[in-house]
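The structure appears below as C-alpha cells.
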Amino acid sequence: MVTRTKKNAEPSDVVGVSRAASARRLAEQLRRPLFAWWDVHARTLPWRDGRTSPWGVLVCEVMSQQTQMGRVVPYWTAWMERWPDAAALAAAPRADVLEAWGRLGYPRRALRLQECARVVAAECHDELPRDYATLTALPGIGDYTASAVLSFAYGERIAVVDTNIRRVLSRVFLGEESLGGAASALERALADVVLPSDAQASATWNQAVMELGALVCTAKQPACDDCPLRERCRFLAAGRPRLGERRTRPRQRFAGTDRQVRGIVMQALRELSADAHGVLSREAAGRLWPDGVQLDRCIASLDEDGLIEIVDGHGVRLPR
DNA sequence: TTCCGGGACC
DNA sequence: GGTCCCGGAA
C-alpha cells in the first residue's frame, strides 16, 4: 500500500467501522459486474494497457486534467512522437512546447510539464519517480496525477480520486451526489476503503470506476439503464436524489476577462510562430483586443508567467 | 448565446 | 476559494 501522506487518518476512522465494513462488502459484490463491463466497454486509448512508458502516462494525465480523453489523443500522439521521454522534452525550446500544446488550454501547465521533465531528466536519471511524495514534489503534479501515475503506470495499490470517481463512489456507496469543491475526508476515506486489496485489481478498479463516470454515470444524465452497478446502486435505489446538484461556485464570466484576452494573445502567437522570428508587434497585438489597458495588463501577466517574452519593449513572442 | 467541468497552485 | 483556458452541452 502506498501511503498518501503521513498524517492521513485511518479510513475506517473517517467512514466509521461498521460503515466501512459494509462498503467493503458492497465493493466486493460490485467488482465482477464492473470488471466485466470494463472488459467490454473500455475505450482503447494509446496510453492504456502498458502500451506506453510511465512518462507517457504522466503526459496523458497532465493533458487530461483539463480535456476529455478523446480530444487528448491526437495531441498526445504527436507529443510523444516528438518528445518520447523527459530528457527530450527538457531539451525542447519553450516556444515549441507551447505551440504543440495548441488549444488544450491552460498553457502554464505545458510549461510546468517541461519543468517537471527537466527535474526528472536531471535529478532522476530520466526516470519518473515511483513514490507519492517525490511525484507530488514535482511541478504540475498534485494528488490526482501522482496517484494516477502510481496506479496506472506502476500498478501500485493507491486510491485515485478525481471528480468522476468521487461522483460514482458517492452515488453508489453513499446514495448521494458529490457536490464538488475540494474532496472531503469522507470521499477520500471511502475511495481507500472500497479499493481492492490486490494491487493489480486496484488499478483496474480505479480505471473502471473512472471510465464508468465518464461514459455512464455522468454528472447530469447518468445512463442508469446501461449501468453494470444498477442493481446495487444506493443512489438509484433512493430515486437519484438531487441529481446533478453541485456546490454553487462563484464563477467568473469568461467573455471579456483577462483569461479570454490572454488566450487570444497566445493563440495569435502560436499561429505566428512559423514565421522567421514569430514576433507580434504591439500594434498588431492592439488589433486583437480593443481595450489597450487590459491588453497591456495581460501581456505583462503572460510575461510574468513565462508564457511570452517581451522584445525590445515593443513586441511579444513565444519564449525561447 | 451562455453555461460548465477539470486539477494544480496560490 | 480564486485563477488559469477551451470546447462541447444546454
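The sequence lines fix the lettering, A, B, ..., with proteins before strands; numbering per chain opens at 1. Computation of the quantities below employed the complete heavy-atom set of this structure, encompassing side-chain atoms and omitting hydrogens, waters and symmetry-equivalent molecules.
- OP1 or OP2 of C:dG7 sits under 4.0 Å from a side-chain N or O of A:Arg103.
- Nucleotides of DNA chain B nearest to A:Ala255 and A:Asn164 differ in position, and the one nearer the 5' end is that of A:Ala255.
- Ring geometry, A:Trp79 versus A:Trp83: the interplanar angle exceeds 60°, so the pair is classed perpendicular (tilted spans 30 to 60°).
- Considering only the side chain of A:Gln68, C:dG8 comes nearest among B:dG6, C:dG8, C:dC4.
- Look at A:Arg166 and you won't find any side-chain N or O under 4.0 angstrom from OP1 or OP2 of B:dG5.
- Projected onto DNA chain C by closest heavy-atom contact, A:Arg108 and A:Arg71 fall at different nucleotides, the more 5' of which corresponds to A:Arg108.
- Contact annotation for A:Thr67: no contact, since no heavy-atom pair falls under 4.0 Å across all strands.
- For A:Lys220 and C:dG8, the NZ to P distance is 15 Å, given to the nearest whole Å.
- If you measure from atom CG of A:Leu104 to atom C1' of C:dG8, you get 15 Å, rounded to the nearest angstrom.
- Residue-to-nucleotide proximity on DNA chain B shows that, of A:Gly244 and A:Gly142, the 5′-proximal contact is made by A:Gly244.
- Within 6.0 Å of atom CD in A:Gln29, more than 12 heavy atoms from other residues, nucleotides or ligands are found, so the atom counts as buried in its surroundings.
- Using a 4.0 Å heavy-atom criterion, one finds that A:Asp162 contacts the sugar-phosphate atoms exclusively.
- Phosphate contact (OP1/OP2 of C:dA10, side-chain N/O of A:Gln221, threshold under 4.0 Å): present.
- Listed pair A:Arg246 / B:dG5 meets the phosphate criterion, a side-chain N or O lying under 4.0 Å from OP1 or OP2.
- Judged by distance alone with a 3.5 Å cut-off, a donor-acceptor contact links the side chain of A:Tyr106 to the base of B:dG6.
- Heavy atoms of A:Leu113 sit nowhere under 4.0 angstrom from any nucleic acid atom.
- Spacing between atom CD of A:Gln260 and atom P of B:dC4 amounts to 18 Å, rounded to whole angstrom units.
- Protein atom CZ of A:Arg112 is 6 Å distant from nucleotide atom C1' of B:dC9, rounded to whole Å.
- The CZ-P distance, from A:Arg262 to C:dC4, rounds to 5 Å in whole Å.
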